[in-house]
Each structure stands twice: as C-alpha cells, then as structure tokens.
There are 2 protein chains.
Amino acid sequence: MQVKSNIWFEVDGRVVLSRWRIRLLQAIEQTGSISKAADLMDVPYRRAWEKIHESEVRLGFKLVETQVGGVGGGGARLTAACIDLIQKYDTIVKGLGAVLLQRFEDTFDT
Amino acid sequence: MQVKSNIWFEVDGRVVLSRWRIRLLQAIEQTGSISKAADLMDVPYRRAWEKIHESEVRLGFKLVETQVGGVGGGGARLTAACIDLIQKYDTIVKGLGAVLLQRFEDTFDT
DNA sequence: AATCGCTATGATTATAACACATAACGAGTG
DNA sequence: CACTCGTTATGTGTTATAATCATAGCGATT
C-alpha cells in the first residue's frame with residue numbers, strides 16, 4: 001500500500017492547473033512545441049492541446065504562445081503569466097510530498 | 001482561484017481509500033447501513049456498495065461486516081481493521097489542508 | 001511554388017459513471 | 001408457519017465523459 005496525493009487549482013470549480021498540467025507545460029518549455037511535449041507525456045496531441053486550451057479559457061489569459069506554420073512547422077512557448085503560475089504552484093507544493101510520505105511511513109511503521 | 005487537494009491510498013496502482021470513501025465509511029458507521037449511508041452521500045446504493053467492495057477486494061480484507069435479512073432488513077458495520085485504517089488516514093491527513101491553504105494565501109497575497 | 005512539421009479542430013470510438021430493476025435474506029409479527 | 005419489511009447483493013441497459021483517430025490549414029524557408 002502506498003500514499004498518493006494531488007494538488008490543483010480551480011476556477012469556478014473547474015481545474016485550471018494540476019500536477020499533470022504543470023508537467024505538460026514544463027515539457028512544452030523544454031521542447032518548444034505542444035506536439036513534442038505530448039509525445040514526452042505519452043498522450044495524443046489532441047489531449048494536450050485541449051487541456052491547455054481549457055485552462056486558458058477558464059483562467060482568462062493565455063498560458064502558451066503558439067505559432068502555426070513557418071520554420072519547423074511552428075511551435076509554442078510559455079507566456080510570462082504561465083511561468084509565474086508554475087513558479088507559484090511549485091512554491092506551494094514544495095516539500096508537502098515529503099511531509100506526507102514521512103507521515104505515512106511513521107503511521108504504518110514501514 | 002482556489003487550491004484543492006486530495007490524498008488517497010493505493011494498492012497495485014488502484015485506489016483503496018480516498019477522502020470520499022472515508023466519508024462513505026463514516027456514514028455507514030453513523031447510520032448502520034450502506035443504504036442509508038448512500039442516501040446521506042447522495043449517491044445510488046449501487047455505487048456505494050461497489051466502491052466498498054472494490055476496496056475490500058484490493059486490500060484483501062473486509063472493511064464492512066454486513067447482515068442481510070433480519071430485523072430492519074439487515075445492516076452494516078465497520079470492521080476493526082476498517083476503523084484502524086480510517087484512523088491512520090486521519091492521522092496522516094490532519095493539518096495538511098491548513099498548511100496548504102496558508103501557503104496558497106501567502107503566495108497569492110490574498 | 002513546394003516542403004515540412006506543427007497547430008487547431010472535427011469525427012469517431014472506447015471507457016466509465018449512472019440509473020433502473022430485482023432476487024434473496026431472515027428476525028420479528030400475528 | 002406464512003407474511004412483512006428494509007436491506008444486501010448483483011444484473012442490465014443507458015447516458016455522459018474521456019481518449020483516440022483523422023485531417024485541414026498555416027507560413028518561414030528553400
């Protein structure tokens with residue numbers, strides 16, 4: 001048996017940022033494209049794009065600046081607002097996982 | 001925007017205990033029946049029973065001792081192992097929500 | 001103008017949630 | 001002893017949700 005956790009942000013009761021979405025955004029930052037990020041996350045492009053779009057609509061601002069066509073077919077990069085949000089998420093979540101795991105082990109004597 | 005969290009236990013990658021399931025079990029403890037607990041949780045009996053059964057199979061021991069027929073048609077009560085698990089879950093989760101909220105407010109200056 | 005791979009989105013399929021329905025049970029009651 | 005009653009347990013069909021497949025359009029570079 002193991003303990004798991006998730007921490008996410010909501011707007012009007014709908015998810016706008018979760019651990020998975022954070023990883024996806026970071027993958028976009030690394031690869032420079034939604035498509036490559038989707039491959040990295042092992043999900044179809046469709047799903048990656050949809051989740052980002054969903055978050056953007058709910059938040060009311062863009063997380064990803066995309067370019068269609070051009071060299072390499074196009075690409076994507078994170079907006080400043082997105083980078084700021086990721087940073088805030090990391091700050092809030094940092095260390096909590098470790099605390100949780102420690103408590104779990106203490107409680108179950110592993 | 002608000003922060004949300006969930007903490008759950010897994011066995012072989014499958015959920016065996018979550019906040020929702022804890023509440024369900026506690027409702028069974030209070031009411032003495034899965035049926036009444038389901039009403040309290042505002043879900044059909046079918047679902048309540050299924051989730052409990054699922055958890056029991058995955059854990060390999062019973063969470064709820066049921067009696068079918070008899071006075072009042074039957075009933076249900078938590079096993080000692082179940083009560084122990086609930087207590088462990090509460091111990092682990094206790095206070096984490098408050099810490100999370102505090103961090104959220106500090107980070108977003110609310 | 002031809003290319004390339006990426007964005008964007010429509011259409012389809014698979015999966016999970018939900019609601020409905022019903023059999024079996026057994027302590028108490030008349 | 002036949003009957004009642006509310007509960008457990010489970011089958012079945014339907015609906016909603018999520019994942020997958022497929023394809024059009026773009027534009028800097030060659």
Novice: Mind calculating the distance between CD (Glu65(B)) and P (dT8(D)) to the nearest angstrom?
Specialist: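 In whole Å, dT8(D) P lies 13 Å from Glu65(B) CD.
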Novice: Between C1' on dA9(D) and NZ on Lys51(B), what's the gap in Å once rounded to a whole number?
Specialist: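 The answer, rounded to whole Å, is 17 Å.
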Novice: dA27(C), dT8(D), dA19(C): which one has an atom nearest the side-chain heavy atoms of Ile34(B)?
Specialist: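 Looking only at side-chain atoms, Ile34(B) lies closest to dT8(D).
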Novice: Roughly how many Å is it from CG in Asp39(B) to C1' in dT8(D), rounded to a whole number?
Specialist: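 Taking atom C1' of dT8(D) as the reference, CG of Asp39(B) is at 14 Å.
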Novice: Expressed as a whole number of angstroms, how long is the span from Arg77(B):CZ to dT8(D):C1'?
Specialist: 16 Å
Novice: Nearest-Å distance, CD (Glu56(A)) to C1' (dT7(C))?
Specialist: 12 Å
Novice: Got a sec: does the CZ of Arg23(B) have more than 12 other heavy atoms crowding it under 6.0 Å?
Specialist: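 Yes.
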Novice: Where the side chain of Tyr45(B) is defined as all heavy atoms beyond and including C-beta, which of dT8(D), dT7(C), dG28(C) is the nearest nucleotide?
Specialist: dT8(D)
Novice: Cation-pi between Arg14(B) and Trp8(B): NZ/CZ under 6.0 Å from ring centre and within 45° of the ring axis?
Specialist: no
Novice: Could you state the atom-to-atom distance from CE of Met41(A) to C1' of dT20(D) in whole Å?
Specialist: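 Going from Met41(A) (CE) to dT20(D) (C1'), I get 17 Å.
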Novice: Is there a donor in the side chain of Arg103(B) and an acceptor in the side chain of Thr91(A), or the other way round, less than 3.5 Å apart?
Specialist: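 No.
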Novice: If you only use heavy atoms from C-beta on, which nucleotide in dT20(D), dT8(D), dT7(C) is closest to the side chain of Ser33(A)?
Specialist: dT7(C)
Novice: Measure from the side-chain N and O atoms of Arg58(A) to the backbone N and O of Val15(A), and report whether any donor-acceptor pair falls under 3.5 Å.
Specialist: yes
Novice: Could you please name the option among dG28(C), dT8(D), dT9(C) that lies closest to any side-chain atom of Val71(B)?
Specialist: dG28(C)
Novice: Taking atom P of dT10(D) as reference, at what distance in whole Å does atom NE2 of His53(B) sit?
Specialist: 6 Å
Novice: Counting side-chain heavy atoms from CB outward, which of dT8(D), dT20(D), dT7(D) is closest to Arg47(A)?
Specialist: dT20(D)
Novice: Nearest of dT7(D), dA28(D), dT7(C) to any side-chain atom of Gln67(A)?
Specialist: dA28(D)
Novice: Among dT10(D), dT8(D), dC26(D), which nucleotide has an atom closest to any side-chain atom of Val68(A)?
Specialist: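 Shortest atom-to-atom distance from the side chain points to dC26(D).
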Novice: Quick test of your reading of the model: are Glu54(B) and Arg21(B) salt-bridged, counting only N-O distances below 4.0 Å?
Specialist: yes
Novice: Mapping Glu50(B) and Gly72(A) to their closest nucleotides on DNA chain D, which lands nearer the 5' end?
Specialist: Glu50(B)
Novice: Tell me the interatomic distance from Ile52(A), atom CD1, to dA8(C), atom C1', rounded to whole angstroms.
Specialist: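 Value for this atom pair: 12 Å.
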Novice: Under 4.0 Å between a side-chain N or O of Trp49(A) and OP1 or OP2 of dT7(C)?
Specialist: no
Novice: Go through dT20(D), dT8(D), dA27(C) for me and flag the one nearest to the Thr66(B) side chain.
Specialist: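 Side chain of Thr66(B) sits closest to dT8(D).
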